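Accompanying notes for the structure given below.
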Amino acid sequence: MIVLGIESTCDETGFALVKDGKIILSNQVASQIQTHSPFGGVVPELASRKHVEMIPFLLKKALKESDISLKEVDLIAVAMGPGLLGPLLIGMNTAKTLSLALKIPFVGVNHIEAHLFAALMSAANPPPLPALGLVVSGGHSSLFKIEKIGDYSIIGSTQDDAIGEAFDKAASLLSLPYPGGPAIEKLAKAGNPQAYPFKAGHIKDRPLDFSFSGLKTSILYTVKGVGGKKGDAPILPQECFADVAASFQEAAFADVILKLKKGKEHIGAQSLIFGGGVTNNRTLREKVADAFPDTPAFWPDFSMTLDNAAMIAGLGTYVYQAKGRSDPFTLMPKTRFI
Ligand code: KG4
Ligand code: ZN
């Protein structure tokens with residue numbers, strides 16, 4: 001079964017062709033980082049326009065790389081949310097148009113669920129269930145109870161910044177480029193993770209929820225001085241920045257490990273499934289391996305951690321086989337979706 005996947009939830013346009021839910025024939029992604037970085041965040045209207053510009057080009061590139069014609073496509077899968085409304089409408093209307101014009105069935109899938117599904121696409125065996133899912137990205141830090149594939153319930157989420165967003169903001173305070181995650185990971189290697197006693201937030205009576213905004217403020221005050229503002233010049237000498245990066249990463253991941261331990265116990269999880277851009281971080285992967293030596297852990301391939309359409313096509317294959325097609329006339333984007 002050949003599935004065309006389409007991703008346009010935020011600031012990446014993605015087109016992929018995936019065979020039988022696992023074999024990636026092409027996974028084309030165009031990032032809009034350069035478009036949005038002068039504004040310090042994603043500008044929804046600009047994101048929509050960029051998606052419109054990139055779609056014909058990426059579709060052609062994906063078909064060419066996989067040597068597949070549109071006539072050979074058996075299913076079109078599109079991310080229907082969560083995300084920004086304009087970008088979602090563009091991806092979904094592209095999928096609906098192709099589906100109706102070419103008479104190919106179409107299915108809408110959840111982008112967050114697709115991040116978790118990415119980890120299963122490269123796995124040799126299915127995960128022992130129930131599984132604990134963790135999505136850590138620029139927009140999400142969420143824990144899921146996974147009873148079976150396709151049956152997810154959220155058991156913890158961030159009350160303020162997502163963890164990737166905290167990495168991006170901490171990086172900006174340390175004068176590192178966007179996206180901040182890879183830059184912090186690199187700088188942290190040269191620093192002492194115990195140099196500063198940073199700590200992530202704790203929410204009363206909500207042991208599985210995350211809070212990273214206090215951690216971000218600790219970095220702000222350490223670098224710019226207590227009461228300092230984002231635009232102020234640093235008071236901390238440059239040679240201490242690596243220690244700040246390492247201590248920040250240590251605090252953020254200590255909190256992730258703590259929540260994983262609590263979540264695993266809470267649901268009696270038999271395995272761990274990870275997804276999202278922050279799973280690119282090798283220190284995180286090592287910390288999980290150390291903390292859970294006996295629990296099977298499923299990670300996405302490094303090429304599938306960031307937003308991409310191969311994970312949409314993979315999940316789309318599964319959803320179509322389990323539940324059937326979506327109706328292009330009634331399916332609408334969902335900006336908030338679990
Ligand atoms: O999954 P993704 O593309 O975006 C959303 O769906 O939100 O993830 C992007 C996020 C950014 O915040 C980026 O800084 C973070 O993933 N990230 C990392 C690393 N690589 C990317 N965070 C920590 N360490 C990394 N190596
Ligand atoms: Zn994502």
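First listed ligand is number 1; within each ligand, the first listed atom is number 1. For clarity, every value in this text was computed on a predicted model and none was experimentally measured.
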Counting non-hydrogen protein atoms only, what is the nearest one to [atom]? Give residue, atom name and distance.
{"atom": "atom 9 (C) of ligand 1", "value": "G138 N, 3.7 Å"}
{"atom": "atom 22 (N) of ligand 1", "value": "G181 CA, 3.3 Å"}
{"atom": "atom 24 (N) of ligand 1", "value": "N281 ND2, 3.0 Å"}
{"atom": "atom 6 (O) of ligand 1", "value": "D307 OD1, 2.9 Å"}
{"atom": "atom 26 (N) of ligand 1", "value": "E185 OE1, 2.8 Å"}
{"atom": "atom 14 (O) of ligand 1", "value": "D168 OD1, 2.7 Å"}

Measure the shortest side-chain to side-chain distance between [X] and [Y] over non-hydrogen atoms and say whether it is less than 4.5 angstrom.
{"X": "F144", "Y": "I112", "value": "yes"}
{"X": "Y196", "Y": "V244", "value": "yes"}
{"X": "K216", "Y": "S213", "value": "yes"}

(message) Closer than 2.8 Å to the Zn ion (ligand 2): does that hold for any N, O or S atom in C10?
(response) no
(message) Within 2.8 Å of the Zn ion (ligand 2), is there any N, O or S atom belonging to H140?
(response) no
(message) Under a 4.0 Å threshold between the charged nitrogen and the carboxylate oxygen, would K50 count as salt-bridged to E53?
(response) yes
(request) Considering just N/O/S atoms, say which atom of D307 is closest to the Zn ion (ligand 2). (result) OD1
Please check whether [X] reaches ligand 1 - meaning an N/O of the residue sits under 3.5 Å from an N/O of the ligand, judged on distance alone.
{"X": "G277", "answer": "yes"}
{"X": "L306", "answer": "no"}
{"X": "F167", "answer": "no"}

(request) Under 4.0 Å from a heavy atom of H115: give me the atoms of ligand 1 that qualify, with their elements. (result)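 With H115 as reference, the close atoms of ligand 1 come out as 1 (O), 6 (O).
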(request) Heavy-atom contacts with H111 under 4.0 Å: which atoms of ligand 1 show up? List them by number with element. (result) 6 (O)
(message) On the six-membered ring of F302, is R282 placed so that its NZ or CZ lies under 6.0 angstrom from the centre and within 45° of the ring axis?
(response) yes
(request) Could you label the plane-to-plane angle of the F212 and F210 rings as parallel, tilted or perpendicular, counting under 30° as parallel and over 60° as perpendicular? (result)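 Answer is parallel, since the angle falls under 30°.
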(message) As a test of understanding, state which of T222, L173, L187 forms a side chain to side chain contact (heavy atoms under 4.5 Å, CB included) with F241.
(response) L187
(message) Ignoring hydrogens and geometry beyond distance, is a side-chain donor-acceptor pair present between N280 and E185 at under 3.5 Å?
(response)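 No.
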(request) Measure centre to centre between the rings of F198 and F253, then say whether the value is under 6.0 Å. (result)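 No - the distance between ring centres of F198 and F253 does not fall below the 6.0 Å cut-off.
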